[in-house]
Amino acid sequence: MTVFIGVVAFKGGVGKTTLTTCLGLGLSTSSRRSVLLVDFDPQANLTEALLTRDSMVDAYRRSESYNLAFSYEALLQGREPLVYPISGVDNLYIIPSHPKYMLWAAQRVLEPTQDKIQLFRGTLGSIAERFNVDYIIVDLPPQMYGIVVPIASVITDYIVSPVIKGAFSIESVEYLIETYYNVARSYTKKPTIFLGAVLMKFSTIETSLIGNVKMAVQKRVESTFDRLRSLGIIGDVRHGGVFDTVIHYNRILTKLRNMPWTREPYIVRHLHGRFGGERSRRDQKLLVSDISSLAREFEARIREVSGVE
């Protein structure tokens with residue numbers, strides 16, 4: 001059975017697309033799962049990170065030749081989406097976004113009806129059967145509440161959120177949970193489960209800071225869910241806390257956008273060890289360790305939160 005995941009953060013610049021990339025690569029390369037990524041961010045950063053220039057040209061060609069749609073056109077117009085394979089990874093696919101959606105967002109034409117979202121969920125289910133997909137991971141935009149909450153609440157089974165250093169990022173987890181569960185109940189009777197928060201962009205030597213931030217975020221998660229229960233907004237639903245895995249600061253993750261000449265995505269090329277220099281080897285080793293740990297903990301948490309032994 002395919003599991004639907006939403007990567008959500010109301011605050012921008014906290015590593016949402018980086019987390020989506022790491023989770024997709026970890027599950028596909030380390031856990032050997034088949035993964036479909038859906039880029040619903042109008043900025044199309046996930047698409048730029050995982051499609052090279054040649055792949056992007058080919059994606060446009062396939063879209064026009066076979067009348068296949070990029071993400072929002074598939075959702076809003078009920079069209080068959082383009083499912084594009086990621087170079088260098090056998091079982092990782094993407095439904096790409098397009099920079100033109102930034103204009104659409106400004107014109108407020110991106111907000112879908114519940115019926116269209118429900119139809120798209122069915123479309124994704126059909127794609128999952130066709131491609132034998134284990135996980136569908138949806139990268140949602142920041143701040144666009146009229147898009148994020150409806151899509152996440154109807155399409156996804158679980159949501160995860162990145163957290164970086166700084167009080168505003170820590171507080172944003174509380175705002176996310178409170179806002180999400182208040183609004184989501186108008187779209188679904190069974191709210192998406194909050195699987196947890198993942199710390200991003202911390203140095204490997206910041207062990208004390210990592211511990212302090214984990215405790216601070218965990219406290220906010222617990223207090224927010226307790227408050228929502230006391231107000232009758234949610235029942236006794238299971239939820240996660242802060243992941244033990246940290247996606248550390250890594251030079252590879254700061255250069256996700258591809259160079260014009262690359263035949264594989266920059267991050268995939270480095271993941272496979274196609275690089276030079278001792279420092280690059282250290283970066284690659286850290287990246288492999290982080291995304292492998294993330295994938296293992298992610299699947300363990302789903303079993304735990306779902307009550308599956």
Side-chain angles (χ1 to χ4, degrees), residues 2-9 14-41 43-52 55-56 59 70-71 81-97 124 127-128 131-141 151-152 155-162 195-201 243 245-248 250 252-258 262 264-272 284 286-302:
T2 304
V3 178
F4 290 72
I5 308 296
V7 181
V8 182
V14 295
K16 178 178 54 61
T17 297
T18 301
L19 177 56
T20 305
T21 303
C22 290
L23 184 55
L25 285 170
L27 289 169
S28 58
T29 61
S30 176
S31 301
R32 304 299 179 188
R33 308 300 187 193
S34 181
V35 180
L36 171 63
L37 305 175
V38 184
D39 189 357
F40 267 135
D41 193 332
Q43 296 180 76
N45 290 336
L46 181 67
T47 299
E48 291 183 353
L50 292 175
L51 293 185
T52 65
S55 294
M56 203 69 229
F70 282 32
S71 57
L82 170 69
V83 178
Y84 199 89
I86 305 303
S87 302
V89 185
D90 291 336
N91 48 351
L92 183 62
Y93 310 88
I94 188 171
I95 296 176
S97 183
L124 290 177
I127 291 171
F131 287 83
N132 196 27
V133 169
D134 298 301
Y135 293 101
I136 293 179
I137 305 175
V138 182
D139 184 27
L140 287 154
I151 291 177
I155 289 181
T156 68
D157 304 313
Y158 305 91
I159 57 173
V160 293
S161 185
L195 194 61
V198 181
L199 270 56
M200 312 283 296
K201 304 182 182 181
F243 276 63
T245 300
V246 176
I247 302 299
H248 295 94
N250 192 313
I252 297 172
L253 296 177
T254 65
K255 302 176 182 179
L256 286 181
R257 184 171 281 118
N258 292 300
T262 55
E264 289 179 341
Y266 180 89
I267 189 170
V268 173
R269 177 172 168 265
H270 278 69
L271 202 61
H272 291 327
Q284 189 258 3
L286 178 61
L287 177 62
V288 170
S289 175
D290 283 353
I291 68 172
S292 299
S293 176
L294 177 65
R296 288 193 301 271
E297 185 176 1
F298 175 81
E299 294 196 294
R301 281 178 175 254
I302 288 180

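Residue numbers start at 1 and run along the sequence shown.
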**OP:** Determine whether D290 and V246 make a side-chain contact, defined as any pair of heavy atoms from C-beta on separated by less than 4.5 Å.
**Re:** no

**OP:** Please check if the side chain of S55 supplies one atom and the backbone of L51 the other of a donor-acceptor pair under 3.5 Å.
**Re:** no

Original post:
How would you list, by chain and number, every residue that makes a salt bridge (charged side-chain N to carboxylate O under 4.0 Å, His left out) with D157, sequence neighbours excluded?
Top reply: R121

**OP:** Any pair with a residue in residues 19-34 that passes salt bridge (Lys or Arg N to Asp or Glu O under 4.0 Å), sequence neighbours left out, goes on the list, sorted by first then second residue, please.
**Re:** R33-E299

Original post:
Does L140 offer a backbone N or O that forms a donor-acceptor pair with the side chain of K16 under 3.5 Å?
Top reply: yes

**OP:** Check side chain to side chain donor-acceptor pair (under 3.5 Å) between T2 and all other residues, then give those that pass, not counting sequence neighbours.
**Re:** none

Original post:
Looking only at heavy atoms, what is the nearest atom pair of L287 and N250, with distance?
Top reply: N-ND2, 3.5 Å

Original post:
Would you call Y266 and I252 a side-chain contact if the rule is heavy atoms closer than 4.5 Å?
Top reply: yes

**OP:** Answer yes or no: is there a side-chain heavy-atom contact under 4.5 Å between L46 and S97?
**Re:** no

Original post:
Ignoring hydrogens and geometry, is there a side-chain-to-backbone donor-acceptor pair from S292 to S30 under 3.5 Å?
Top reply: no

Original post:
In chain order, what residues pass the side chain to side chain donor-acceptor pair (under 3.5 Å) check against D134, with sequence neighbours excluded?
Top reply: none

Original post:
Are I302 and Y135 side-chain neighbours, meaning at least one heavy-atom pair lies under 4.5 Å?
Top reply: yes

Subject >> ring pair (Phe, Tyr, Trp, His ring centres under 6.0 Å) against F70, all qualifying residues, sequence neighbours excluded >> reply: Y60, H98

Original post:
Can you tell if the side chain of V133 reaches within under 4.5 Å of the side chain of S34, non-hydrogen atoms only?
Top reply: yes

Original post:
At what distance, to the nearest 0.5 angstrom, does CD1 of I247 lie from SG of C22?
Top reply: 4.5 Å

**OP:** Keeping the roles fixed (side chain from H248, backbone from L286), state whether a donor-acceptor pair exists under 3.5 Å.
**Re:** no

Subject >> Any I127 side-chain heavy atom under 4.5 Å of P81 side chain >> reply: yes

Original post:
How long is the gap from CG on L199 to CG on L19, to the nearest 0.5 Å?
Top reply: 11.0 Å

**OP:** Measure the CD-CG distance between E264 and L50 for me, rounded to the nearest 0.5 Å.
**Re:** 12.0 Å

Subject >> Under the side chain to side chain donor-acceptor pair (under 3.5 Å) test, residues paired with S71 that sit two or more places apart >> reply: none

Original post:
Can you name the closest pair of heavy atoms from L124 and I136 and give their distance?
Top reply: O-CD1, 3.7 Å

Original post:
Got a sec, which pairs hit side-chain hydrogen bond (donor to acceptor under 3.5 Å, both in side chains) with one end in residues 18-27, sequence neighbours left out?
Top reply: T20-D139

Original post:
Of all heavy-atom pairs between T47 and P96, which one has the smallest distance, and what is that distance?
Top reply: OG1-CA, 3.4 Å

Original post:
Quick one: side chain to side chain contact (heavy atoms under 4.5 Å, CB included) partners of A295, sequence neighbours excluded?
Top reply: L27, S31

Original post:
With N45, which residues qualify under side chain to side chain contact (heavy atoms under 4.5 Å, CB included), at least two apart?
Top reply: T17, Q43, E48, R257

Original post:
What pairs of residues pass the salt bridge (Lys or Arg N to Asp or Glu O under 4.0 Å) test when at least one of them lies in residues 85-95, not counting sequence neighbours?
Top reply: none

**OP:** Look at the side chain of S293 and the backbone N and O of T245, then say whether any donor-acceptor pair between them is shorter than 3.5 Å.
**Re:** no

Subject >> I95/V83 under side-chain contact (heavy atoms from CB on, under 4.5 Å): CA gap, chis, key distance, verdict >> reply: CA-CA 5 Å; I95 296 176; V83 178; 4.2 Å; yes

Original post:
When rounded to the nearest 0.5 angstrom, what distance separates CZ in F243 from CE in M200?
Top reply: 11.5 Å

Subject >> S28 vs V35 side-chain heavy atoms within contact, under 4.5 Å >> reply: yes

Original post:
How many angstroms lie between CD1 in I137 and CZ in F298, if you round to the nearest 0.5 Å?
Top reply: 6.0 Å

**OP:** Would you please name every residue forming a side chain to side chain donor-acceptor pair (under 3.5 Å) with H270, sequence neighbours left out?
**Re:** none

Subject >> pair S87-V268: side-chain heavy atoms closer than 4.5 Å >> reply: no

Subject >> Closest heavy-atom pair and its distance - G24, L37 >> reply: CA-CD2, 4.1 Å

**OP:** Examine distances only and state if a side-chain atom of S161 and a backbone atom of V8 form a donor-acceptor pair shorter than 3.5 Å.
**Re:** yes

Original post:
For F131, what residues pass the ring pair (Phe, Tyr, Trp, His ring centres under 6.0 Å) criterion, not counting sequence neighbours?
Top reply: Y93

